[in-house]
Number of protein chains: 2
Amino acid sequence: MTYSIKEVAEKTNLSIYTLRYYDKQGLLPFVSRNAAGYRTFTDSDLSLIHTICCLKNTDMKIKDIRQYIAYCMAGPDTIEARKQLLRRHKQEVLDKQRKLTENLQEIDYKLAVYSNPHARDIIDQERQAVTAEKTANQLASWANQ
Amino acid sequence: MTYSIKEVAEKTNLSIYTLRYYDKQGLLPFVSRNAAGYRTFTDSDLSLIHTICCLKNTDMKIKDIRQYIAYCMAGPDTIEARKQLLRRHKQEVLDKQRKLTENLQEIDYKLAVYSNPHARDIIDQERQAVTAEKTANQLASWANQ
DNA sequence: CCTTGCCCTCGAGTATACTCTAGCGTTTAG
DNA sequence: CTAAACGCTAGAGTATACTCGAGGGCAAGG
């Protein structure tokens, strides 16, 4: 079974434009062409594209995905290199997840303030403190102009 | 206590360029200027910039951060709007985290294959299957050219 | 045969978020 | 007082990742 670029676009939720762009960027060196020059995708191509999407979904740069694919094309001698690349990337994703969690806690704190029954009073007080701090430093505040 | 743009850059790990860019984009309408036109930051300004960094660290677009800040400047009447904006953003971050976790599992699977003592054999077999699939579909494989 | 739909490439255009340069005013240490 | 350090704006430049239009070839149904 083989697939046209349109079919692959539907299966992967990538646009045809994006697939061609990825090919141009060297992400799809494994895709064959038919006699007319049309890209012809096999199931194993789809599998590799799935991997590419995995890396893209975890925010890997195209440059690095290209490197990974290049390793895959180069054969078993690059297994160590692939492992190192994926390990480094995994660590970056874990760091990103930790960062997201930390920042989400602060957003939750804000949400809690806004949901407090006295939110209006709290905000009003904050605004007065801000203005007081500005005037204490001889600064014009957006509020008093 | 007030701070120069350089001091704020050091405290926030944003570059001076970025701070000025954020100001130009309407993210820092609360920052006052001194007689010479220099930006002069107060502690409460730093606190708001910290919030901006939180939103940025969770990949909020500048356009949406600007909206949030505009709500903050507009006073207590916008508390509901702020809550909705942050809730929607929080949901997006949670979705992103889920996506990261899912994709990380597939990366872990790849890593497991590469760490298998027979990784070389597995990869070799895969490559042969890929070539077989290509030739079965009358396609030239990168490998046989 | 020929129209409609799909495919191709090349190159330009868009969006986002910075990053930097040029030209000029301000502040401060010696 | 003056040179170095710092600040300002406007606008150009960079990086990344698409997204699209123009011009043209290929394939299948009527």
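Because the structure is a prediction, the values reported are computed rather than measured. Numbered from 1 within each chain, the chains take letters A, B, ... in sequence-line order.
The shortest distance between side-chain heavy atoms of B:T78 and B:C72 does not fall below 4.5 Å. At least one side-chain heavy atom of B:I52 sits under 4.5 Å from a side-chain heavy atom of B:L28. By the 4.5 Å heavy-atom criterion applied to side chains, B:E80 and A:Y114 are not counted as neighbours. Annotation: side chain of A:M73 is in contact with side chain of A:F30 (closest heavy-atom distance under 4.5 Å). Here the side chains of A:N137 and B:T40 are not in contact, with every heavy-atom distance at 4.5 Å or above.
Taking atom CG of B:L14 as the reference point, atom P of C:dA17 lies 14 Å away to the nearest angstrom. B:L27 places its CG atom 11 Å from the C1' atom of C:dA17, with the value rounded to the nearest Å. As rounded to whole Å, 11 Å separates atom C1' of D:dC6 from atom CD of B:E7. One interatomic measurement links the two molecules: CZ of A:R20 to P of C:dG11, which rounds to 16 Å at whole-angstrom precision. Between the CD1 atom of A:I52 and the P atom of D:dC18 there is a distance of 12 Å, rounded to whole Å. Following rounding to the nearest Å, B:Y22 (OH) and C:dT16 (P) show an atom-to-atom distance of 14 Å. One interatomic measurement links the two molecules: OH of A:Y21 to C1' of C:dC8, which rounds to 19 Å at whole-angstrom precision. Taking atom CG of residue A:D23 and atom C1' of nucleotide D:dA17, one finds them 16 Å apart after rounding to whole Å.
Remark: A:Y22 OH to A:S15 OG distance equals 8.5 Å, nearest 0.5 Å. Rounding to the nearest 0.5 angstrom, the gap separating the CG atom in A:L46 from the CD atom in A:E7 is 9.5 Å. Rounding to the nearest 0.5 Å places SG of B:C54 at 11.0 Å from CG of A:L100.
Look at B:S4 and you won't find any side-chain N or O under 4.0 angstrom from OP1 or OP2 of D:dC6.
Positionally, the nearest nucleotide of DNA chain C for A:I16 lies more toward the 5' end than for the other of B:K24 and A:I16. For the pair A:R33 and B:T18, both in contact range of DNA chain C, the more 5′-proximal nearest nucleotide belongs to A:R33.
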Identify each atom pair where a protein N or O and an N or O of nucleotides 26-30 of chain C are less than 3.5 Å apart, giving names and distance.
unit_1: C:dT26; atom_1: O4'; unit_2: B:Y38; atom_2: OH; d: 2.9

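Residue B:R39 is classed as a sugar-phosphate contact, given heavy-atom separations below 4.0 Å to backbone atoms only.
Other residues, nucleotides and ligands contribute only 12 or fewer heavy atoms inside 6.0 Å of the NZ atom of B:K90.
Nearest nucleotide to the A:I5 side chain, out of C:dC7, C:dC20, D:dC20: C:dC7.
Interface residues of residues 55-67 of chain A facing DNA chain D, ordered by number: A:K56, A:K61, A:I62; criterion, heavy-atom separation under 4.0 Å.
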